Amino acid sequence: MSSPTWLLDSPRMEQKYAFPMSTTKTSRLTGMELNDSVDPCIRQSSTDYYTSTSRGRISIVTEEMIEEIEEQRANRNTIYFRDGKRRIDFVLVYEESFEPSKDEKRKVFEENLEAEGLELELENKSRSLDGKTYFLKLHAPSDLLNRYTEIMNIKRPLNRMEQREPMAWEADDAENEEMSCSSLWCFDRENPFMYDKELIPDDSLYFSSTSNKNNDTAFHVAEEESFLTSAQRSRIVWEVLLRTPYETDSGSKTGIMRLMNNGIYLSGYPLHDGPYKGKSVRKGEPGYCERTLLYNEWARWKCWYKTQPLPLIRRYFGEKTALYFVWIGFYTTVLIPAAALGVLTMIYGISTMKTSTPSKEICDDTISGNIIMCPLCNQQCGFWRLKDSCVFSMVVHLFDNPATVGFAVFMSLWATMFMELWKRKQARTAWEWNLSSAEHSLEMIRPEYEAKVFTYKFNPVTMTFEPFLPFWEKVARITGVNSLVLLMLFSVMVAVFAVIVYRIIIVTLMFSSEILFWRKYAKIATSFTAATINLVVIVIMDRIYRKLAGKLSDIERPRTQREYEDSFTLKMFVFTFINTYSSIIYIAFFKGRFFGHPGDTITIFGYRQDQCENGGCLFEVFVQLGIIMVGKQVFNNIYEFATMKIMIWWRVYWRARENFVPQQPNTRWEEDYNLETTDSMSLFDEYLEMVIQFGFVTLFVGSFPLAPLFALLNNIVEIRLDAYKYVAQLRRPLTYRVQNIGAWQAILKGLSFVAVITNSFMIAYTSDFIPRLVYMYRYSKDGSLEGYINNTMSYFDTSDFTNTTKPDNMMLDGVYVNQCRYQDYRHPPGSDEKYTLSLQYWHIFAARLAFVVVFEHLVMFVTSLLSYAIPDIPRSVQQSIQRERILAQEALYRAEINRARWTVGLKRSDRGKLNDHP
């Protein structure tokens with residue numbers, strides 16, 4: 001050994017070379033203690049001493065140690081065992097428990113893992129950040145992978161090197177290649193929206209089939225295990241972990257989930273294959289890292305305009321995560337035409353705002369502008385002239401014009417087209433990724449269920465006694481949980497009612513103000529402030545119910561994880577739907593419907609019920625929808641990004657808090673351990689956010705034509721934010737093979753159906769579209785809208801005011817007001833049926849009802865026709881599936897023939913040897 005070069009007695013040297021510390025040792029370490037506490041690569045070259053007066057360790061460091069330590073730091077991102085050959089497929093994390101029962105279960109479990117064929121390597125706790133965490137690295141050798149490939153029905157490429165036929169769109173692109181020269185990038189044949197295909201080439205698509213041990217020769221494998229991605233390897237290891245027992249006396253005590261639930265293991269996860277920041281290199285070259293490729297070509301913000309590298313996403317994260325990004329990418333693409341048409345609708349509204357006949361009549365003193373209007377609240381409000389709402393009427397025209405009606409019809413059809421096209425896209429993706437025959441993984445009993453259910457019943461499927469929840473206990477639990485859910489939904493109604501009361505009180509105070517500005521813009525100011533308060537309430541209620549829904553689902557005692565996810569999804573969607581849309585539904589369909597007339601109004605806490613301005617409630621729906629939709633999306637993105645950053649920082653700080661000098665993790669497995677955890681519910685919030693956005697885009701789009709545009713802009717940010725989160729801030733998730741997006745597809749289908757109903761009612765009852773048509777074709781002298789505003793105003797005799805409704809000031813511009821007008825269709829004061837609904841009201845009511853019926857049936861007929869005309873599975877995919885089956889049968893048949901010939905030849909050879917040697 002060479003002479004020592006440094007004496008490590010300072011925090012600076014301790015930090016640089018990251019030696020573990022101890023405050024309890026006072027004597028020289030024994031050989032066994034040295035082996036347990038020092039990294040294996042420096043066990044033979046270090047002499048360690050501990051003193052009672054120094055908190056840190058005093059180590060004599062030699063030149064050999066320095067070289068080895070620097071080499072260790074250079075290889076801190078390794079994803080291999082110490083031999084540098086065996087790849088780490090999975091990592092289990094635990095801390096020393098000092099409980100013999102837990103240690104025994106862990107020991108038995110690890111012995112059974114080795115018996116199953118996994119290879120294990122333990123990283124001592126002394127090398128961890130906190131000095132007390134063990135990392136158990138797992139490697140799956142080729143024989144185990146081949147065995148579980150057959151067990152899990154993972155398809156392998158057929159030995160016959162026949163690639164799949166080109167996709168339908170690829171054939172169309174090839175046929176129309178010359179037509180594509182009109183594009184801006186035709187001169188160099190490069191698509192600026194495409195990621196680097198040289199770094200991330202497309203997957204080679206081979207026909208494939210499941211395998212068994214008797215027909216391995218029928219399949220094409222260029223290299224051993226090469227057809228398995230790293231995500232598939234980790235999934236196979238996870239399947240082994242789920243099936244392996246941890247007790248010697250009971251085969252039913254199996255699975256890593258129970259051990260993690262009992263605290264025997266803290267966590268388990270597959271490794272990222274390296275740091276996410278770095279230089280991208282091609283596959284096969286030194287330094288190749290798929291995580292770095294994903295960051296450089298997908299997760300960085302500067303890549304916002306590029307298409308997603310879905311083949312690499314699938315290989316790295318697995319099919320379930322990749323399918324989410326396929327869906328959100330497809331949804332974002334389909335939003336482009338809807339957003340463009342929404343912008344054109346707004347442009348039309350702006351261009352015709354000042355030429356609109358109703359707006360001109362309201363703003364013109366010589367037509368209807370000088371009409372004296374009845375007070376907008378009881379007692380405190382005074383009379384006013386119609387021209388005071390001139391600006392408001394022009395703003396309302398932006399969302400209540402013939403173009404918005406056509407746009408609402410288009411979006412109803414768009415929602416159906418989106419679902420039909422997505423089913424085709426999903427079918428093609430499932431075929432390309434071999435998901436068509438995907439089977440659910442082993443349905444394990446949830447550890448929480450097993451721990452809290454004490455009755456057992458014989459399961460004829462597994463032939464074992466399993467925990468069983470009696471029927472009536474299950475009914476009682478579900479009933480109790482649903483009662484609490486209804487209570488929470490009632491609390492949402494209370495919150496909406498509180499916002500309604502706020503609107504009524506504030507608008508009354510503003511109208512009674514002596515400041516002209518507040519009286520003029522009372523409705524607009526109240527709408528914006530109420531919508532903002534409602535947004536805050538929605539966000540708070542979502543956070544509260546998110547935690548409550550998990551506890552309520554646990555109370556139901558779902559047996560499997562799938563049952564838990566279904567229960568949780570249903571509760572969260574129903575609550576979020578009502579919490580988000582209830583205030584919008586109130587404004588669109590109920591506000592002002594039960595007003596009465598100025599002399600007889602319905603009051604709430606002494607305040608008159610709020611009503612819509614001239615032209616309906618579309619403006620207020622627009623404000624409510626815009627603020628909630630945009631505000632919620634912005635808040636969620638900021639909250640999601642900031643929360644993960646803070647949590648990762650806190651986890652590193654908390655684990656290193658006991659060290660004298662905090663140090664950064666120096667191994668790949670520890671860096672991943674400090675990231676945010678992922679589980680089977682990790683995509684839930686992403687889907688829920690997008691589904692609620694889909695509701696904003698389709699349900700009330702007639703009042704907010706820019707909703708598709710804001711959804712498009714949000715999704716562009718959302719894709720990159722989710723990409724960055726999965727690449728840089730989350731542990732690598734387990735891969736799951738799924739055929740589709742699950743329950744969310746049925747929810748989207750339901751929303752597209754409800755969108756037809758809501759848009760029909762929005763056009764008929766919320767907007768002035770039907771009253772204007774009735775006036776033009778029934779009451780107008782020349783078939784135009786001239787005189788329409790005067791026609792919508794009923795008369796009221798001020799002497800009919802009651803003591804509770806009579807305004808304090810009966811003067812307007814120094815003149816006593818004897819008669820005022822209000823928006824409704826009622827008989828005048830001098831008639832025998834004064835203040836009752838007129839015949840014109842019933843004409844409009846019948847026209848509205850007829851429009852709803854015709855609109856719904858017509859749109860439903862067209863959407864049904866489209867659903868029938870567009871097959872769920874493209875013809876090319878159907879043909880390829882049939883071709884794949886034929887090739888699989890042929891390959892297996894040839895394999896059997898070759899095996900039979902080989903057997904016959906072997907027997908003949910044996911007979912010849914017997915004849916030669918009697």
Side-chain angles (χ1 to χ4, degrees), residues 153 155 164-170 172 202-203 205 207-208 231 307-315 317-338 413-441 562 565-566 569 573 680 683-684 686-691 693-694 697-698 711 715 718-719 722 735-753 755 863-864 866-884:
N153 291 323
K155 288 188 174 182
R164 294 174 175 176
E165 297 298 324
M167 299 295 97
W169 59 79
E170 293 175 355
D172 294 340
D202 291 334
D203 290 338
L205 299 179
F207 290 108
S208 58
T307 57
Q308 302 184 85
L310 295 173
L312 183 57
I313 298 173
R314 178 217 173 189
R315 292 199 302 269
F317 293 113
E319 286 81 1
K320 184 177 181 179
T321 303
L323 192 59
Y324 162 73
F325 286 104
V326 173
W327 178 80
I328 191 175
F330 180 80
Y331 170 48
T332 303
T333 303
V334 177
L335 277 174
I336 294 176
L413 298 175
W414 176 89
T416 300
M417 285 295 297
F418 165 73
M419 289 306 303
E420 295 304 317
L421 294 176
W422 164 246
K423 284 190 285 188
R424 290 172 61 85
K425 174 71 173 178
Q426 185 173 247
R428 185 180 297 279
T429 303
W431 174 71
E432 291 180 5
W433 292 356
N434 293 320
L435 300 177
S436 302
S437 59
E439 297 180 357
H440 299 314
S441 60
R562 187 174 300 279
E565 291 178 10
D566 291 343
T569 299
F573 174 74
S680 59
L683 289 173
F684 173 83
E686 314 301 337
Y687 274 116
L688 180 62
E689 182 180 354
M690 289 296 102
V691 167
Q693 183 201 88
F694 182 81
V697 170
T698 56
N715 289 2
E718 183 73 23
I719 289 175
D722 288 342
T735 177
Y736 294 92
R737 297 183 71 238
V738 293
Q739 294 181 346
N740 48 50
I741 60 176
W744 299 110
Q745 187 158 318
I747 292 174
L748 290 169
K749 184 69 175 178
L751 285 177
S752 64
F753 176 80
T863 54
S864 300
L866 290 173
S867 300
Y868 177 78
I870 303 174
D872 293 346
I873 303 177
R875 180 176 297 179
S876 60
V877 174
Q878 295 177 0
Q879 294 172 349
S880 298
I881 292 175
Q882 295 174 357
R883 177 62 175 163
E884 188 172 57

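For clarity, every value in this text was computed on a predicted model and none was experimentally measured. Throughout, numbering of the chain's residues begins at 1 and tracks the sequence.
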J.: Given side-chain contact (heavy atoms from CB on, under 4.5 Å), test Ile747 with Phe694 step by step and report yes or no.
T.: CA-CA 10 Å; Ile747 292 174; Phe694 182 81; over 6 Å; no
J.: Drop me the distance from Thr698's OG1 to Leu748's CG, to the nearest 0.5 angstrom.
T.: 9.0 Å
J.: Can you check whether Lys749's main-chain N or O pairs, donor with acceptor, with Ser752's side chain at less than 3.5 Å?
T.: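 Here the side-chain-to-backbone pair exists.
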J.: Verify the ring-centre separation between Trp744 and Phe684: is it less than 6.0 angstrom?
T.: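 That pair passes the under 6.0 Å test.
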J.: Rounded at 0.5 Å granularity, tell me how far CZ in Arg315 sits from OG1 in Thr735.
T.: 13.0 Å
J.: Taking the side chain as every heavy atom from C-beta outward, state whether Trp433 and Val326 have any atom pair closer than 4.5 Å.
T.: yes
J.: Can Tyr331 and Trp422 be said to form a side-chain contact (heavy atoms from CB on, under 4.5 Å), step by step?
T.: CA-CA 8 Å; Tyr331 170 48; Trp422 164 246; over 6 Å; no
J.: Going by salt bridge (charged side-chain N to carboxylate O under 4.0 Å, His left out), name the residues that satisfy it together with Glu565, two or more places apart in sequence or in a different chain.
T.: none
J.: Heavy-atom count around Phe330 CZ within 6.0 Å, excluding the residue itself: above 12?
T.: yes
J.: Whether the side chain of Gln426 engages the backbone of Ile741 through a donor-acceptor N/O pair (distance < 3.5 Å, no angle test) should be reported.
T.: yes
J.: Can you measure from CE (Met690) to CD1 (Ile328) and round to the nearest 0.5 angstrom?
T.: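 Here the rounded value is 4.5 Å.
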J.: Can you measure from NZ (Lys320) to CG (Leu683) and round to the nearest 0.5 angstrom?
T.: 6.0 Å
J.: In sequence, state the C-alpha distance, the side-chain angles, and the governing distance for Arg314 and Leu323, and then conclude on side-chain contact (heavy atoms from CB on, under 4.5 Å).
T.: CA-CA 8 Å; Arg314 178 217 173 189; Leu323 192 59; over 6 Å; no
J.: Say you draw a straight line from CG of Leu688 to OG1 of Thr569; how long is it, rounded to the nearest 0.5 Å?
T.: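 Reported to 0.5 Å precision, the distance equals 8.5 Å.
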J.: Looking at Trp327 versus Tyr687, is the centre-to-centre ring distance below 6.0 Å?
T.: yes
J.: Which is it for Phe325 and Phe317 under the ring-ring contact (aromatic ring centres under 6.0 Å, His included) test, yes or no, and what are the steps along the way?
T.: CA-CA 11 Å; Phe325 286 104; Phe317 293 113; 7.4 Å; no
J.: Nearest 0.5 angstrom please: Arg424 CZ to Met419 CE, how far?
T.: 14.0 Å
J.: Examine distances only and state if a side-chain atom of Trp414 and a backbone atom of Leu335 form a donor-acceptor pair shorter than 3.5 Å.
T.: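 Pair absent, no side-chain N/O of Trp414 close to backbone of Leu335.
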